[in-house]
2 protein chains.
Amino acid sequence: MSHTVGIRQAQKQKTRQAFLDAALVLLEEQSLSSLGLREVTRAVGVAPTAFYRHFRSTADLGVALVDEALGSLHPMVRTTVSTAGDSEERITRAIELIAGHVDAHPAHVRFIARERHGGVQPVREAIRAQLVRFAEEVKAELAKDPQAEGWSEDDLLMLAHLYVDQMLITASLFLEALESPEDERERVSRLAARQLRLISVGRRHWLD
Amino acid sequence: MSHTVGIRQAQKQKTRQAFLDAALVLLEEQSLSSLGLREVTRAVGVAPTAFYRHFRSTADLGVALVDEALGSLHPMVRTTVSTAGDSEERITRAIELIAGHVDAHPAHVRFIARERHGGVQPVREAIRAQLVRFAEEVKAELAKDPQAEGWSEDDLLMLAHLYVDQMLITASLFLEALESPEDERERVSRLAARQLRLISVGRRHWLD
DNA sequence: TCATCCAGTTAACAACTGTTCTCTGTTATT
DNA sequence: AATAACAGAGAACAGTTGTTAACTGGATGA
């Protein structure tokens, strides 16, 4: 259908991305509900009114940020769960993946953790919807595992949510330890590994 | 030392409490980092400058709110963990306690969930410090249990943090379901119960 | 009783906010 | 080549913000 991007639409998307980037930087030290429209345009280097060409409000911008942040997370979730190998190896890989993602996109992770329970309803709901999708994907991956034999659908979804929540908690811990020395990050890794291990043990003996 | 409260100090604490109450109401629809000083004084019905007699800034007010909110939570944590009875009975009791607390102090719970990763550093740190204390208390209770035999200190603390985080997640779920019909709240109860059950199973087989 | 304290008031400040309307200059369409 | 579309600029608006200084009047303590 649409073939040529058009130098016009290209510029627009470039500016739009500049808004998203600038907002993400500003949101490192405040919440979305206190992010001002003028503040963002000032950071981008553009007139305040230009904002309306891209977003209806800062809440709208927030929803766009949710898509960007959790879109980039989607591949990670899939590989995290479906990695082959024995249980212990999976856990190590999963935690490495989480740590790597936090290193690569700290502002995204911070934004999600902050706005998940934040003061802007549409953003909260957008995050919630994405996390539900994640849980369903994780559930689908779990169902493929021979260990899932005899598990009810509800129990699988319950476990999936547990994993998703645990993933966010771990990511948030890595985030707090971003500027800390290496041994602190090691400590977080080991804590997260043992928590995942305990959940794995519970999973293995669930049907007893 | 101090015997008479003094009609003066009494009035002051009354006004201070009015600030905390008003702020808690305003924070139901926004985050602390967007809470204005004038907004609060207007809600209390007092001059803007009166604010400075009680707090240095809204961040300062936030820290006071953390103490109030988590102070009221302390008794709950203790009884939640130390309740007698078999594992299944404990879980049911614990979830009832959480649900009851959310019903009784929804604004407190919302505030903690929101500001735990919120945009105001001193408040984040105050919450973090309190949650660490909770985890240590839970650890102490867990250590009393005969089931804790053979557990390392680190593993006990790891499990304690898992319980504390799970408690917050559950509270937050109940909060979201506050206005929902009874069967939705039932669904949350059962989900939370099964997650706690899985952790219990993992705990029981940890030393295998 | 009298001097001191101090919670809360009043007035004013410069700076900032979101939103509207009008205009410009380049790109896209015919 | 003429027309329309449209991203962004500019100016102005009524309100809001945090903070300062000087003041008031009832409680406090000698």
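So you know, we letter chains A, B, ... as the sequences are listed, proteins then strands, and number each from 1. Fair warning: this is a prediction, and the values are worked out from it, not measured in the lab.
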> Taking atom C1' of C/dG8 as reference, at what distance in whole Å does atom CZ of B/Arg53 sit?
Replying inline: 7 Å
> Side chain of A/Arg8: nearest nucleotide among D/dA5, C/dC6, C/dG8?
Replying inline: D/dA5
>> Nearest whole Å is fine: how far is C/dC6 C1' from B/Gln11 CD?
In response: 13 Å
> Can you find a heavy atom in the side chain of A/Arg53 that is under 4.5 Å from one in the side chain of A/Val46?
Replying inline: no
> Can you give one letter per nucleotide of nucleotides 10-20 of chain D, going 5' to 3': B for a protein heavy atom under 4.0 Å from the base, S for sugar-phosphate only, - for none?
Replying inline: BBB----SBBB
> Donor-acceptor pair, B/Ser57 side chain versus B/Asp60 backbone, under 3.5 Å?
Replying inline: yes
> When the distance from CZ of A/Phe55 to P of C/dG18 is rounded to whole Å, what number comes out?
Replying inline: 15 Å
> Is a side-chain donor-acceptor pair under 3.5 Å present for B/His74 with B/Glu137?
Replying inline: yes
> Rounded to the nearest Å, what distance is computed from the CZ atom of residue B/Arg16 to the C1' atom of nucleotide C/dG8?
Replying inline: 17 Å
> Rounded to the Å, how far apart are A/Lys12 NZ and D/dA5 C1'?
Replying inline: 11 Å
> C/dA7 P sits how many Å from B/Phe19 CZ, rounded?
Replying inline: 12 Å
>> Donor-acceptor check, side chain of A/Thr41 to backbone of A/Phe51, threshold 3.5 angstrom: yes or no?
In response: no
>> Can you tell whether the side chains of A/Lys144 and A/Glu141 come within less than 4.0 Å, N to carboxylate O?
In response: yes
> Would you call B/Arg197 and A/Met158 a side-chain contact if the rule is heavy atoms closer than 4.5 Å?
Replying inline: no
